[in-house]
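Scroll down for the structure; my scribbles are underneath it.
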4 protein chains.
Amino acid sequence: MSSAKRGRGRPRSEEAHRAILGAAEKLLLKHGLTGASMDEIADYAGVSKATIYRWWPSKELLALEALLRSWDADVDDKKTDTGTLRGDLRAILRPWVKRATERRFTPLVAALTAEAQRDRHFAQTWRERFMESRRAGDREVFARAIRRGEINAKTDIDLALDMIFGTLYHRLLHAHQPVSVPVAYRVVDQVLAGLGSSA
Amino acid sequence: MSSAKRGRGRPRSEEAHRAILGAAEKLLLKHGLTGASMDEIADYAGVSKATIYRWWPSKELLALEALLRSWDADVDDKKTDTGTLRGDLRAILRPWVKRATERRFTPLVAALTAEAQRDRHFAQTWRERFMESRRAGDREVFARAIRRGEINAKTDIDLALDMIFGTLYHRLLHAHQPVSVPVAYRVVDQVLAGLGSSA
Amino acid sequence: MSSAKRGRGRPRSEEAHRAILGAAEKLLLKHGLTGASMDEIADYAGVSKATIYRWWPSKELLALEALLRSWDADVDDKKTDTGTLRGDLRAILRPWVKRATERRFTPLVAALTAEAQRDRHFAQTWRERFMESRRAGDREVFARAIRRGEINAKTDIDLALDMIFGTLYHRLLHAHQPVSVPVAYRVVDQVLAGLGSSA
Amino acid sequence: MSSAKRGRGRPRSEEAHRAILGAAEKLLLKHGLTGASMDEIADYAGVSKATIYRWWPSKELLALEALLRSWDADVDDKKTDTGTLRGDLRAILRPWVKRATERRFTPLVAALTAEAQRDRHFAQTWRERFMESRRAGDREVFARAIRRGEINAKTDIDLALDMIFGTLYHRLLHAHQPVSVPVAYRVVDQVLAGLGSSA
DNA sequence: GTGTAATCGAGACGGTACGTCGAGTCTTGTG
DNA sequence: CACAAGACTCGACGTACCGTCTCGATTACAC
């Protein structure tokens, strides 16, 4: 019956896996997509390049996973249910701003975003694994507000989220204006105000 | 005609200059920053690579200029003074959306944005020549609205602009949601609505 | 008879053995030493690579054995005693030329000869198993001729054999001149003529 | 006259060329075709790998040229006209044996011979540049003997040469029997004796 | 029968070299 | 001088193959 497919061959080394991701996190996050080479990563991980390529078909996919892990690493994903939409959004944005500004995520995010323009397939993966996955939670916050009757049921949630995160990413990427918790709060306020009237 | 400041040697070839930018526009816009090589560009322009590097210190700077020229090429920058802020913004965004969606700008913009993360110096140039230059006009529209008393004098113009363009770029870059003229109008409406209440 | 040393564990699979040699013969003979990979051979034999390496320490040794088997496969090693040295040598060379020209032995022979230059140990094995083993019979033909008084007892048999096979291999390896049964006969004639006078 | 094609661009660096061939001679001759890597050669030559590949399409072709140069390096190609065929052949073989036995040519020769079996194109080059080029002179020695009336005009020169060099290469490659000047002389004698009677 | 021991298939792994590509620099000869 | 041609350096890329290793599953002989 079952378990038929229980591993036949040599089991894949979780050790190696971890080492690769560790090296990728460290080197790619630090030096960026082009700043770190696969050879370096392999060396640093004490692993052969072939082993990396066995599991990650490209540098970009490896970087994506490293980014994801690093991103999710220090999240205290406290179920943020503060009772108000504004409160929930603030609770989401507070740690987001910290991560986004403290650590060197932006270079990788920018590089992978650029890669997504060149490779439709990667773009798909990028959307699913980076964008959509964190978006799901954010959408829920709006859904709750709708259930509460706090905002109009017809609110375009995706647009609202794009206005919030689009604005902040824009500043992050071009660094022409500061990104901070207060700024994030103001963005939330503006968006919320806008929602009300367009209802 | 004279040519007073004629140097000693062979005069610089405007012809070559134009050819380089033409090739850069064509190839870089079409295939992206990594998709086109300097050798290809030189070949296509019928120019030596050294000549390119004499005038543009790097591929990125060349791409930046090509992007700028292409961007400004088909602009009917009719001084758009419609009398209302909403009208002015719509007038600005209508051609913007066309350019941004019709032509292949996004890959280059994304690639150069990524480059800006790696190179502080390039980031500076990027901000000045790409961001700020088009921003000036946009800001003026808000300034006019303030003078008209249409919006609060303390309005954070930069934030408003980031909310508009940030949102649209966000969608452009990740293609998770559509970008269209109606969408752009809705963004304007939301932002304007937000401005009012936070005044 | 033997089987005395029957071990404790699972007996070695004769099936696997045959399959490996079969695959080796087929693939190595067809594509050469570098043209066929161990992975391919293992796959084709339906056997794991480790099983191959358990019994053959290296690709070269496996190839050697495959070559030997294939070489000896279609030999009608009719004890060729024709009564004269010339007749015996012709009887030996006739099938030799066929094998050497018809099938794809030369690439393997060349590759293994090259390997013998790099690895003294393999060179030893190569000499013993490939050269010497087929040489024994050839030498006997000369010994018979000496017993018959057909040629001088002091004839340098090894030199004679080297002159015959060296010449033919030379042509085989560099393909600058044809190898055929008539050519082989002429070589024999020349060598025999030479022997007589140097006696 | 010609010279029309005198380079426009940067002239190829004879320095680099020499360095590459020097490194190739040293490393490939010393460690063999597989024992030396292109990276090592590039390093040793103080040259980039790309430069090597610009001029030599493959490791094998580079090795061929290195072999040729090294082979021809220490030749005192004294026009050997001793008056007799035997004398001429001895004069040719004396230095040949020295080169062939003293220096580490055989591994490379064997490896390239093996390569010639895999690649028809390389085989062609190999024959032309290694075999035929040195053969031309050897053939002339026989032609002279024919003109002198020393040997039959119908002598199969190529066969005679194959018998001489084939025999010696055979011993060189398999090392089952010694190669020395006396041995070479005996081979010559045998071949010459054979020629006479088959005339 | 149950334990012990060798073998096998599957397949991951480290290592090492390959040949390719692109950016940017440098060296000539020519206009 | 500015330019065209193009050789050169540097360094990364992704691929391929070898031989080793780790497992779990088999298949005997021995107790």
Side-chain angles (χ1 to χ4, degrees), chain A residues 3 6-13 15-17 34-40 42-43 45-55 57-59, chain B residues 6-13 15-17 34-40 42-43 45-60, chain C residues 6-13 15-17 34 36-40 42-43 45-60, chain D residues 6-17 34-40 42 46-59:
Chain A
S3 88
R6 260 293 290 304
R8 285 274 289 187
R10 172 175 179 173
R12 94 196 239 174
S13 158
E15 172 102 15
H17 229 72
T34 51
S37 76
M38 288 303 256
D39 288 81
E40 278 170 2
D43 267 21
V47 145
S48 104
K49 235 197 322 178
T51 300
I52 301 184
Y53 279 105
R54 197 188 320 279
W55 302 108
S58 73
K59 197 185 190 179
Chain B
R6 274 291 283 292
R8 272 275 283 281
R10 174 176 179 172
R12 128 184 207 180
S13 157
E15 172 97 15
H17 230 71
T34 51
S37 72
M38 288 302 259
D39 288 81
E40 279 169 1
D43 265 22
V47 142
S48 109
K49 234 189 333 173
T51 302
I52 302 184
Y53 279 104
R54 195 189 316 279
W55 304 106
W56 291 273
S58 75
K59 195 186 189 180
E60 286 75 25
Chain C
R6 269 296 276 297
R8 271 274 283 263
R10 173 177 180 171
R12 111 192 222 176
S13 156
E15 172 99 15
H17 230 71
T34 51
S37 73
M38 289 302 258
D39 288 81
E40 279 170 2
D43 266 22
V47 142
S48 107
K49 234 189 334 172
T51 301
I52 303 184
Y53 278 104
R54 195 188 318 278
W55 305 107
W56 290 273
S58 76
K59 196 186 190 179
E60 287 75 25
Chain D
R6 258 294 285 304
R8 281 273 287 201
R10 172 176 180 173
R12 96 195 239 177
S13 158
E14 284 308 328
E15 172 102 16
H17 229 73
T34 51
S37 76
M38 288 302 257
D39 289 80
E40 280 169 2
V47 144
S48 103
K49 237 198 318 179
T51 300
I52 302 184
Y53 278 105
R54 195 191 318 280
W55 304 109
W56 291 272
S58 73
K59 196 185 190 178

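Lettering of chains follows the sequences in order, A, B, ..., and the numbering in each one begins at 1.
Minimum heavy-atom separation, D:Ile52 to D:Met38: CG2-CE, 3.7 Å.
Between atom OG of residue B:Ser58 and atom CD of residue B:Glu60 there is a gap of 4.5 Å, rounded to the nearest 0.5 Å. Of the inter-residue distances, the one linking B:Ser48 atom OG with B:Asp43 atom CG reads 10.5 Å to the nearest 0.5 angstrom. Interatomic distance, NZ of A:Lys49 versus OG of A:Ser37, reported as 8.0 Å (0.5 Å rounding).
In terms of phosphate contacts, D:Ser13 brings no side-chain nitrogen or oxygen within less than 4.0 Å of OP1 or OP2 of F:dA7. For E:dC13, the OP1/OP2 oxygens have a side-chain nitrogen or oxygen of A:Trp55 closer than 4.0 Å.
Atom CH2 of D:Trp56 is separated from atom C1' of F:dC8 by 14 Å (rounded to the nearest Å). Straight-line distance from the CZ atom of C:Arg54 to the P atom of E:dG11: 17 Å, rounded to whole Å. Here the P atom of nucleotide F:dA4 and the CD1 atom of B:Ile52 are 9 Å apart, to the nearest Å. Nucleotide E:dG9 holds its C1' atom 11 Å from the CG atom of C:Asp43, rounded to whole Å. Between the C1' atom of E:dT28 and the CD atom of D:Glu15 lies a distance of 16 Å, rounded to the nearest Å.
Residues forming a side chain to side chain contact (heavy atoms under 4.5 Å, CB included) with D:Ala36 (at least two apart in sequence, or on another chain): D:Leu27, D:Leu28, D:His31, D:Glu40. With sequence neighbours excluded, no residue satisfies side chain to side chain contact (heavy atoms under 4.5 Å, CB included) with B:Arg54.
Each of B:Ala45 and D:Arg12 was assigned the nucleotide of DNA chain F with the nearest heavy atom; the assignment lying further toward the 5' end belongs to B:Ala45. Along DNA chain E, the nucleotide nearest C:His17 and the nucleotide nearest D:Pro11 are compared for position; the residue whose nucleotide lies closer to the 5' end is C:His17.
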When every nucleotide of nucleotides 15-21 of chain E is labelled 5' to 3' by its protein contacts under 4.0 Å (heavy atoms), B for base, S for sugar-phosphate only, - for none, what sequence of letters results?
-> B-SSBBB

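Side-chain atoms of D:Arg10 stay outside donor-acceptor range of the base of F:dC8, with no qualifying N/O pair under 3.5 Å.
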